[in-house]
Structure formats: structure tokens, C-alpha cells
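Structure first, commentary second.
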Amino acid sequence: MIADSRTIRLLMELRGQGVGDTAVLKALETTPRDLFVPELLNDQAWENTALPISCGQTISQPVVVALMTQRLALGARMRVLEIGTGSGYQAAILARLARRVYSIERHSELLRQARERFDRLRLHNITTMLGDGSRGWAEQAPFDRIVVTAAASTMPEALIEQLVPGGVMVAPVGEGAWNQKLYCVRRLDDTYESEAFLDVRFVPLVPDDEGS
Ligand code: SAH
């Protein structure tokens with residue numbers, strides 16, 4: 001497949017913003033983002049912007065997806081947990097770089113659409129669950145990597161416990177829309193170390209008892 005000019009422009013922009021990992025760039029190049037956005041916004045699919053999807057949620061900005069994925073430093077044998085399937089775009093990127101992806105979403109309509117996209121792209125290594133992802137997925141734990149794509153107000157420590165020792169989680173943390181940072185967390189044996197690396201704006205991580 002030869003990338004068209006919009007794709008090339010986006011990839012160059014991502015490089016300029018610190019995405020140097022060629023495997024990550026390749027995953028973004030080969031995942032048709034237009035399939036993950038509402039049809040009306042199709043012409044904006046290859047722009048470096050977040051876009052609205054159903055249920056009042058958003059598909060993240062490509063540079064944020066790329067920088068989060070790069071930070072995860074995925075290996076081909078890894079098992080990854082994602083919280084917040086949304087459109088399925090981030091999961092599709094992960095599926096190209098890891099062995100198996102587990103993804104949890106609390107909106108059934110979003111999950112239905114995301115699964116259709118995974119089938120269409122023949123991404124058979126993604127397992128999804130409808131429910132509250134803030135508790136993680138105990139039956140499938142531990143995970144080599146965890147990525148959270150909705151912002152928790154405090155560090156989601158319950159998820160860190162579902163990482164293998166040495167495992168990495170990337171998660172946005174902060175109150176409100178304007179005060180969030182992306183953290184890269186490494187689990188040590190009984191503790192963890194974390195580093196904030198980017199200012200971001202994600203939709204909130206909603207506990208299940210709060211409804212939509
Ligand atoms: N990764 C997505 C981005 C989705 S936006 C993509 O690539 O498109 C964040 C998503 O997290 C929303 O779909 C929202 O419904 C979901 N979400 C919020 N709180 C959640 C929770 N407690 N459990 C599971 N999903 C949650």
C-alpha cells in the first residue's frame with residue numbers, strides 16, 4: 001500500500017513532535033483512522049486533531065496516541081490492557097505491536113462499533129469487555145503493559161497491581177479538563193515509580209456507579 005499525501009503529512013508532523021519509533025509510525029500509517037471516525041468527519045481523519053465520536057466521547061489526537069504507544073515500548077510477545085476502547089483506534093494500533101490486547105469500555109454502543117472495525121481489519125488478537133475499567137481485568141491479569149485513555153482524578157493504583165513487576169502503565173491523571181498530565185508508571189516489586197511527560201486533555205474516567 002502506498003501512503004497518500006495526507007498520511008505522509010501526518011507522519012512527518014508526528015516525527016516533528018517527538019515520535020521517532022519507526023514501528024509506532026508504521027502502525028499509525030497502516031491503520032486507517034478514517035474507519036474510526038464518524039463518516040461526516042472523514043475528511044479530517046488524517047489531521048492531527050482529536051475528533052468527537054458517539055456517546056459524547058472523543059478519539060484521541062494522533063500525536064497523543066503515538067507518544068503513549070511509544071512510551072509503552074511494546075514487544076511482540078506482550079499482553080496489553082487498555083481502559084476506554086472508545087472508537088477502537090488505540091486498540092488497533094496496540095494490536096499491531098503486541099501479542100494480545102484486552103480492552104474495556106463502559107458504553108455498549110461504542111464497543112459494538114469498535115468490534116465491527118476490528119473484524120473488518122482482521123485484528124483477531126483483541127479481546128473486549130463491557131464494564132468499568134477502573135477495576136482492571138483481574139481474570140486476565142497480570143499484564144505487561146496497561147494504557148488508560150480516560151483521565152482519573154488520582155493515580156489509578158488498582159491498575160498498577162495488575163502489572164507484572166517491571167511492567168509499564170501510561171495513564172492521564174488530573175482533575176478537570178485543563179489540569180491533566182500523562183504519566184508513565186513502572187511497577188517495581190512492592191512499589192512504583194512515575195514520571196509525568198505530557199500535558200493532555202482526556203474525557204474523564206467514569207466509575208460505573210455514576211452512570212453516563
Ligand atoms: N482509546 C479511545 C479513546 C476513547 S475516549 C480511542 O482510541 O478512540 C475514552 C473512553 O473511555 C470513552 O469511550 C469512555 O466511554 C471510556 N471510559 C470512561 N470511563 C470508563 C470506565 N470506567 N471503564 C471503561 N471505559 C471508560
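When a ligand or atom number is given, it counts from 1 through the structure's own listing order. Just so we're clear, the structure is a prediction, and the values are computed from it rather than from any experiment.
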TODO: Would you check whether Gln90 has a nitrogen or oxygen atom less than 3.5 angstrom from a nitrogen or oxygen atom of ligand 1?
DONE: yes

Task: Ligand-residue contact atoms, ligand 1 with Gly131, heavy atoms, under 4.0 Å - done: 23 (N), 24 (C)

- [ ] Please identify which atoms of ligand 1 are closer than 4.0 Å to at least one heavy atom of Ser87.
- [x] 6 (C), 7 (O), 8 (O)

- [ ] Of the side chain and backbone of Thr58, name the one, both, or neither that has a heavy atom under 4.0 Å from an atom of ligand 1.
- [x] backbone

Task: Residue part near ligand 1, for Glu105, under 4.0 Å between non-hydrogen atoms - done: both

Open item on the list: Tell me whether Glu195 is salt-bridged to Arg71, with the criterion being a basic N under 4.0 Å from an acidic carboxylate O.
Closed with: yes

- [ ] Mind checking the CZ-CD spacing from Arg96 to Glu29? Nearest 0.5 Å is all I need.
- [x] 10.5 Å

TODO: Under 4.0 Å from a heavy atom of Gly133: give me the atoms of ligand 1 that qualify, with their elements.
DONE: 21 (C), 22 (N), 23 (N), 24 (C)

Open item on the list: Any side-chain to backbone donor/acceptor pair from Gln70 onto Gly18? Under 3.5 Å, distance only.
Closed with: yes

Open item on the list: Using only atom types and a distance under 3.5 Å, with no angle test, would you say the side chain of Gln17 pairs donor to acceptor with the backbone of Val63?
Closed with: no

TODO: Report yes if Val203 has an N/O atom closer than 3.5 Å to an N/O atom of ligand 1; otherwise report no.
DONE: no

TODO: Taking only heavy atoms of Ile104 into account, list the atoms of ligand 1 that are under 4.0 Å away from them.
DONE: 24 (C), 25 (N)

Open item on the list: Show the atoms of ligand 1 that are less than 4.0 angstrom away from any heavy atom in Pro204.
Closed with: 18 (C), 19 (N)

Task: Residues clustering with Leu111 (ILVMFWY side chains joined when closer than 4.5 Å, directly or via others) - done: Leu130

- [ ] With heavy atoms under 4.0 Å as the rule, classify the contact between Arg106 and ligand 1 as side chain, backbone, both or neither.
- [x] both

TODO: Check Thr85 against ligand 1 and report side chain, backbone, both or neither, counting heavy atoms closer than 4.0 Å.
DONE: backbone

Open item on the list: Side chain, backbone, both or neither: which applies to Cys55 and ligand 1 if a contact is any heavy-atom pair less than 4.0 Å apart?
Closed with: neither

Open item on the list: Using heavy atoms and a 4.0 Å limit, tell me yes or no: is Ala91 in contact with ligand 1?
Closed with: no

TODO: Output the list of atoms in ligand 1 that are nearer than 4.0 Å to some heavy atom of Asp132, sorted by atom number.
DONE: 21 (C), 22 (N), 23 (N)

Open item on the list: Tell me whether Gln162 contacts the main-chain N or O of Arg135 through its side chain, where contact means a donor paired with an acceptor under 3.5 Å.
Closed with: yes

Open item on the list: Using a plain distance cutoff, I'd like to know if Ile53 has any nitrogen or oxygen under 3.5 Å from a nitrogen or oxygen of ligand 1.
Closed with: no

Open item on the list: Using only atom types and a distance under 3.5 Å, with no angle test, would you say the side chain of Glu109 pairs donor to acceptor with the backbone of His107?
Closed with: no

Which side-chain N or O atoms in residues 114-121 pair as donor and acceptor under 3.5 Å with protein atoms at least two apart or in another chain?
from   : atom 1 : to     : atom 2 : distance (Å)
Arg115 : NE     : Thr128 : OG1    : 3.3
Arg115 : NH1    : Thr128 : OG1    : 3.4
Glu116 : OE2    : Arg112 : NH1    : 2.7
Arg117 : NE     : Leu35  : O      : 2.7
Arg117 : NH1    : Ser87  : O      : 3.0

Open item on the list: Test your reading of the model: is there a side-chain donor-acceptor pair from Arg187 to the backbone of Gly166, 3.5 Å cut-off?
Closed with: no

Open item on the list: Could you tell me, atom by atom, which parts of ligand 1 come under 4.0 Å of a heavy atom of Leu110?
Closed with: 13 (O)

TODO: Given side-chain contact (heavy atoms from CB on, under 4.5 Å), test Leu51 with Phe36 step by step and report yes or no.
DONE: CA-CA 10 Å; Leu51 293 169; Phe36 293 83; over 6 Å; no

